[in-house]
Amino acid sequence: MANAVSMKISSVRETGLDSNVLGEMFRRMLRIRQYEDAVNFLFLQGKLAGTIHQCQGQEAVAVGSCIELGDDDYITTTHRPAGHCIAKGMTLHSMMAEMFGKLEGCCQGKGGSMHLGDMDKGVIPAIAIVGAGVPISSGVALGFKMQKTKKLAMAFFGDGAVNEGAFHEGINLAVVWKLPAIFICENNFYGASTHISKVIGTETIAERTQSYGLPVETLDGNDVIAVYNSVKKAVERARNGEGPTFIECQTYRRTGHSRSDPNKYRIQEEEAYWLSRDPIVLFRKALIEEKMLSESEIVAIETEVTKEVEASIEYARACTDPQPEDALIGVYSDAEEGN
Amino acid sequence: MANAVSMKISSVRETGLDSNVLGEMFRRMLRIRQYEDAVNFLFLQGKLAGTIHQCQGQEAVAVGSCIELGDDDYITTTHRPAGHCIAKGMTLHSMMAEMFGKLEGCCQGKGGSMHLGDMDKGVIPAIAIVGAGVPISSGVALGFKMQKTKKLAMAFFGDGAVNEGAFHEGINLAVVWKLPAIFICENNFYGASTHISKVIGTETIAERTQSYGLPVETLDGNDVIAVYNSVKKAVERARNGEGPTFIECQTYRRTGHSRSDPNKYRIQEEEAYWLSRDPIVLFRKALIEEKMLSESEIVAIETEVTKEVEASIEYARACTDPQPEDALIGVYSDAEEGN
Amino acid sequence: MAKMSIVEALREGIREEMRRDETVFCLGEDIDVPGGFGGAFTVTLGLSTEFGHERILDTPISEAGIFGAAIGAAIAGMRPIVDVQYGDFLFCAMDQICNQAAKLTYMSGGKLKIPLVMRAPVGATTRGAQHAQSLEAYFCHVPGLKVIAPSTAYDAKGMIKAAIRSNDPVLIFEHKLLYGSKGNRSEASSLSPTGEVPDEDYIVPFGKAAIRREGKHVTIIAKLLMVYKALQAAEELAKEGIEVEVIDPRSLVPFDEEALFTSIAKTHHLVIVEEDHLGWGWGAEIAALVAEKAIYYLDAPVKRVAARDVPIPFAPIMENYVIPDAQRIKAAVREVLI
Amino acid sequence: MAKMSIVEALREGIREEMRRDETVFCLGEDIDVPGGFGGAFTVTLGLSTEFGHERILDTPISEAGIFGAAIGAAIAGMRPIVDVQYGDFLFCAMDQICNQAAKLTYMSGGKLKIPLVMRAPVGATTRGAQHAQSLEAYFCHVPGLKVIAPSTAYDAKGMIKAAIRSNDPVLIFEHKLLYGSKGNRSEASSLSPTGEVPDEDYIVPFGKAAIRREGKHVTIIAKLLMVYKALQAAEELAKEGIEVEVIDPRSLVPFDEEALFTSIAKTHHLVIVEEDHLGWGWGAEIAALVAEKAIYYLDAPVKRVAARDVPIPFAPIMENYVIPDAQRIKAAVREVLI
Ligand SMILES: Cc1ncc(C[n+]2csc(CCOP(=O)(O)OP(=O)(O)O)c2C)c(N)n1
Ligand SMILES: Cc1ncc(C[n+]2csc(CCOP(=O)(O)OP(=O)(O)O)c2C)c(N)n1
Ligand SMILES: [Mg+2]
Ligand SMILES: [Mg+2]
């Protein structure tokens with residue numbers, strides 16, 4: 001971690017992306033932030049059941065990773081899925097309705113906050129067992145490779161997940177079978193309350209992972225452009241049949257691990273450093289400084305997103321409650337088809 | 001793998017071991033070989049039930065690793081346990097009786113060929129689930145460390161085991177908790193019929209493992225002295241509280257994976273190379289060349305071991321068959337004690 | 001005597017045993033990181049203050065690893081208490097629990113002791129399918145394990161102490177809605193029963209059921225949260241003149257057959273209630289035992305009330321429908337009494 | 001029509017489906033390495049000759065990894081057939097099977113299909129506790145899985161084909177002593193039943209039991225190897241004038257309740273036989289179903305014959321005592337007929 005806090009991110013202009021795409025990236029980051037803030041508010045009001053694991057502060061990782069992907073590239077996500085879902089193009093309507101447990105929710109109210117997903121957008125229902133999405137993601141990549149497509153699979157997971165056996169087994173399969181897979185480790189330095197330094201024997205997760213025999217990188221996950229640049233190369237590798245890539249994106253939660261966690265276990269300097277580097281603020285600044293978007297264009301996006309989030313809440317509230325008996329359907333696919 | 005086959009092993013004399021210890025090492029290696037050969041013979045004759053996984057050719061790893069250990073250092077072993085058991089000091093009598101399913105067997109006939117063990121010699125009943133012994137071994141080391149003893153735990157496992165999640169999780173615990181643990185990987189290049197090159201992305205297993213953050217080494221596992229020298233340092237590290245060590249011992253099965261496997265999947269040159277380098281022959285030659293043991297001393301050991309193996313068979317045959325109802329005892333420890 | 005919640009009773013039980021025996025220690029994820037949670041449901045909160053971080057050992061997220069390590073430590077002579085944050089994660093350590101912990105003693109010819117306590121919170125709390133399961137049946141089926149499920153503070157303390165002193169692997173199921181955890185980690189729909197807990201040392205031995213309410217018309221056997229749902233049903237049915245006897249097995253393996261048979265010899269009617277899934281659930285064995293050994297006591301077929309056989313859905317409307325409530329229990333009682 | 005062993009029938013079933021549908025593929029440890037075993041029991045032996053090593057994919061020893069990969073491939077539109085060498089290793093992949101494969105469809109609101117076949121050999125063959133278990137009960141208990149257990153060549157082929165065409169995760173239990181594997185990997189005490197298998201395409205749909213022998217005095221329901229032990233007992237009892245009806249459920253989930261109830265409505269006596277452990281085993285649910293829904297058909301309590309509740313011991317003398325045989329089945333039949 002640098003000592004002098006840099007508020008600069010990688011050059012926005014040098015990406016070659018036009019302002020439409022950059023604007024869309026900004027919009028998605030903002031959408032994530034505002035959606036999550038709204039969910040938090042609703043949760044504290046007692047409007048939502050269960051628990052929440054939020055990703056404010058980690059928006060750059062999700063958006064920088066997903067912007068190059070198509071709907072038919074698949075991702076796996078985790079107990080903290082909202083950012084990835086939004087970055088991958090899911091609608092706030094379908095997500096918010098799910099949070100309210102409604103039939104119009106992306107999982108018809110059966111999934112909830114930890115299982116958001118939508119196959120139309122290539123989002124496998126989020127897997128809330130830490131690490132378990134990794135081999136599944138490798139399997140998706142295997143399927144895509146066998147089908148001789150150019151599609152790829154991307155797995156999101158946290159720093160804590162790398163100590164799970166499933167991670168180990170899954171990433172190794174991607175290497176030995178040279179699969180079109182990308183592993184995005186969101187290193188926010190904590191697995192729940194436990195600091196990364198207590199649970200792995202290397203400085204970075206990339207060091208720990210390189211020995212599987214694949215390209216690895218550690219980068220500033222609050223720099224959406226750094227994420228984008230790195231993922232872009234990984235996407236090319238995957239689509240060209242050159243195998244998997246591992247990218248460690250260092251980032252930070254601006255919220256607790258779940259619900260009302262006050263983060264009392266965090267290291268103060270570390271927290272101060274990271275909280276001062278809000279990925280949305282950094283990106284906004286860069287967009288304006290490099291003149292890719294004007295202040296007023298950005299404000300327009302901000303206004304739109306605010307409205308969109310409000311609309312999603314209104315929509316969700318008005319959606320249909322499931323009937324109790326709806327619980328009984330959807331267990332098997334065959335049954336639904338009458339075989 | 002060297003191209004010109006070297007029949008030389010590390011210097012026997014430079015170890016500083018006296019001829020008693022060296023003789024004992026030779027005796028144990030021979031004991032393993034002859035025990036395994038006898039078991040094979042008995043198995044083919046239909047005298048033994050179940051299956052067998054034998055370790056002829058891998059004797060140097062077991063003996064080089066165990067000779068420095070005491071009875072109160074614990075080891076975990078695998079589906080291929082006989083070598084480790086003998087190297088750690090278990091008696092042929094108790095093992096052979098177990099193979100015959102007798103009450104006097106080391107597991108009272110309940111374990112069989114894949115679960116040989118004897119806590120009096122620090123051998124945890126062999127664990128036949130690939131990889132599963134690794135976290136258990138770390139746990140033993142944890143216990144020893146908490147008890148502030150100098151004891152250590154050593155885990156034996158194969159090349160195939162390193163792809164199991166249990167291996168990954170177990171070795172990481174040893175690193176982050178700096179445990180008195182030694183991990184001995186017997187790389188015999190195959191997990192059952194599958195060559196190592198098909199299942200990991202690095203040349204050696206040491207490379208794959210170093211990133212956990214512990215000292216690793218790859219060495220010639222048919223050179224008992226090389227194994228001994230390396231393990232000795234690892235034992236010192238463990239006893240001094242300096243944490244775990246990983247040692248990859250490259251070796252080769254002289255037999256099939258199990259029962260009557262004819263090894264048809266093996267690479268011919270590789271096989272020729274390794275079979276030409278019998279660890280017992282190499283050690284015998286070195287002992288004589290470096291004048292640590294005379295030919296006649298060695299022949300004496302050979303004769304004794306042959307007798308010992310024969311005696312163990314005779315003993316085992318004469319042992320007591322369990323009663324069917326003996327199956328019902330030994331499930332719980334409390335019950336036995338009447339609580 | 002002190003009034004305690006179950007979470008306090010478990011914590012005190014662990015504390016007393018850790019004081020008594022220095023081989024006892026806890027390991028698990030986030031069990032007492034300074035400033036952290038004290039485990040997912042605060043059972044181990046603050047114990048590191050007294051015992052230090054060697055004996056309250058925070059681990060990586062590696063269920064197979066830490067259960068394996070606990071087994072190893074037990075072999076080395078310690079008495080580990082290992083936990084998962086949610087029972088559902090037991091599946092990640094399934095090989096270590098079922099193939100290793102449960103079998104090593106036997107494989108050794110009865111010579112190796114595995115004094116090991118495994119803790120697992122169960123029950124549905126509107127968190128969706130992967131944080132909701134009741135897993136008792138899976139583990140009751142494994143010879144070599146003991147399985148307990150305390151539902152009161154008194155039992156929680158007495159049984160965890162018995163588990164710690166046992167020389168065998170014991171799996172203790174704790175219900176999330178019965179803990180009575182406080183602060184940030186309290187649960188919305190929690191029942192939080194508190195109860196009297198003696199100050200002096202005591203244990204609750206395994207294999208003895210508790211009769212939570214006496215009655216003569218019908219027996220309900222129920223465990224964990226369902227004990228309370230059954231009591232609620234019994235209360236309501238009492239107003240109609242139906243007297244329900246409620247049995248809480250507490251110890252699932254070993255199971256107190258006699259208490260059950262004695263009760264149905266009196267009531268002649270049996271309803272089995274649990275939060276685990278119906279098919280091949282814990283209750284199936286209870287019904288089977290009765291069908292084999294005590295069927296002549298009954299005047300009507302047995303009736304099981306259990307979670308419907310679907311993964312647990314998130315939306316409260318559906319979750320409530322899947323998990324048994326007093327309403328369904330009452331209907332079952334009426335059915336067997338017809 | 002051709003006479004086939006079960007191992008041949010499974011192989012041909014897989015072969016036909018792989019020809020029919022190029023999304024079908026196999027993955028597992030040592031399933032067809034050149035010069036190797038063709039899987040632990042030769043089911044996939046030689047298939048790579050026709051289909052190549054992409055579709056007969058040898059894997060690292062990583063059960064969680066390969067079951068997870070199979071799930072992922074199914075999500076990507078493939079129809080994977082994944083196996084473990086011994087059923088006991090399913091525990092290593094338990095999270096992927098129970099928390100992922102079984103629940104993803106439901107968690108998605110019914111939108112995601114998981115067409116996945118999982119193969120697992122079960123049964124005791126004097127290899128000790130970790131290579132011996134019958135694991136049916138664990139998986140029957142998981143909503144979202146289908147579980148089948150063919151015991152004849154005809155069913156093996158017809159059911160694996162049905163499993164491959166199913167859009168749901170199907171776990172197929174195969175008994176080691178029924179395969180009839182040849183060569184190096186044959187089993188000593190194998191029964192090796194061979195049977196007529198049609199040449200033309202057919203499937204055996206799930207949820208239909210088979211009556212293996214008709215009788216009027218007592219019904220035995222038994223699966224896998226125990227079907228044959230039950231038939232042997234029936235044969236012997238017939239000499240005493242006791243006519244036993246033997247039902248083979250074949251499909252465990254869904255289960256054919258009707259066939260069972262119809263049979264006991266006729267015989268009024270029921271013995272349940274299995275190789276799985278007694279307590280909380282597969283048979284418990286069968287007894288429970290009868291206790292709940294069909295108890296009035298019976299003239300005597302049900303009786304279960306199952307593996308005794310200890311880990312499986314190595315020594316044949318003890319293993320034979322733990323695993324049910326015709327002798328114990330006959331005793332049970334006599335007991336219910338008293
Ligand atoms: C197998 C498993 N173990 C434990 C948990 C409980 N749990 C949920 S999130 C979490 C921390 C995960 O940390 P990390 O992977 O770094 O992701 P982050 O929460 O930081 O995004 C834990 C321990 C779980 N869901 N699954
Ligand atoms: C979890 C698990 N998966 C598969 C097996 C079946 N199996 C037994 S030995 C073996 C090969 C092990 O290879 P390796 O670890 O290299 O040890 P080696 O046999 O070469 O000594 C396999 C696949 C097993 N026993 N356990
Ligand atoms: Mg994290
Ligand atoms: Mg090997």
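Each chain gets a letter, A, B and so on, in the order its sequence line appears, and its residues count up from 1.
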Notebook entry, point to check: Is there any residue in residues 13-41 of chain C with a non-hydrogen atom under 4.5 Å from a non-hydrogen atom of chain B, and which ones are they?
Noted result: C/Phe25, C/Leu27

Next item on the list: Check the side chains of B/Arg80 and B/His257 for a donor-acceptor pair under 3.5 angstrom, ignoring hydrogens and angles.
Entry: yes

Check: Taking the side chain as C-beta and beyond, is there a heavy-atom pair between B/Phe246 and B/Ile171 under 4.5 Å?
Finding: yes

Next item on the list: Name the option with the most non-hydrogen atom pairs under 4.5 Å to chain C; the candidates are B/Ala132, B/Ser137, B/Gly165, B/Ala141.
Entry: B/Ala132

Note to self: Looking only at side-chain N and O atoms, does B/Thr320 offer a donor or acceptor that is under 3.5 Å from a partner on B/Glu104?
What the structure shows: yes

Note to self: What part of B/Asn172 gets within 4.5 angstrom of chain C, counting heavy atoms only: side chain, backbone, both, or neither?
What the structure shows: side chain

Check: Under 3.5 Å, is there a donor-acceptor pair linking the side chains of C/Glu136 and C/His141?
Finding: no

Check: Any side-chain heavy atom of B/Leu152 sitting closer than 4.5 Å to one from B/Tyr74?
Finding: no

Check: Does atom CD of C/Glu258 have more than 12 heavy-atom neighbours, drawn from other residues, nucleotides or ligands, at distances under 6.0 Å?
Finding: no

Next item on the list: Let me know if B/Ala155 has heavy atoms under 4.5 Å from chain C in its side chain, its backbone, both or neither.
Entry: neither

Notebook entry, point to check: Do B/Leu116 and B/Glu98 come close enough that some side-chain heavy atom pair is under 4.5 Å?
Noted result: yes

Notebook entry, point to check: So which part of B/Ala174 gets closer than 4.5 Å to some heavy atom of chain C, the side chain, the backbone, both or neither?
Noted result: neither

Next item on the list: Using heavy atoms and a sub-4.5 Å threshold, report which of residues 77-89 of chain C line up against chain B, by residue number.
Entry: C/Gly77, C/Met78

Notebook entry, point to check: Would you say C/Leu57 and B/Trp177 make side-chain contact, with heavy atoms under 4.5 Å?
Noted result: yes

Notebook entry, point to check: With only heavy atoms counted, which part of C/Leu145 is less than 4.5 Å from chain B, the side chain, the backbone, both or neither?
Noted result: backbone

Check: C/Asp95 versus chain B, heavy atoms under 4.5 Å apart: side chain, backbone, both or neither?
Finding: side chain

Item checked: B/Asn163 and B/Ile200, any side-chain heavy atoms less than 4.5 Å apart -> yes

Margin query: If we define contacts as heavy-atom pairs under 4.5 Å, which of B/Pro125, B/Gly105, B/Pro135 has the most with chain C?
Written below: B/Pro135

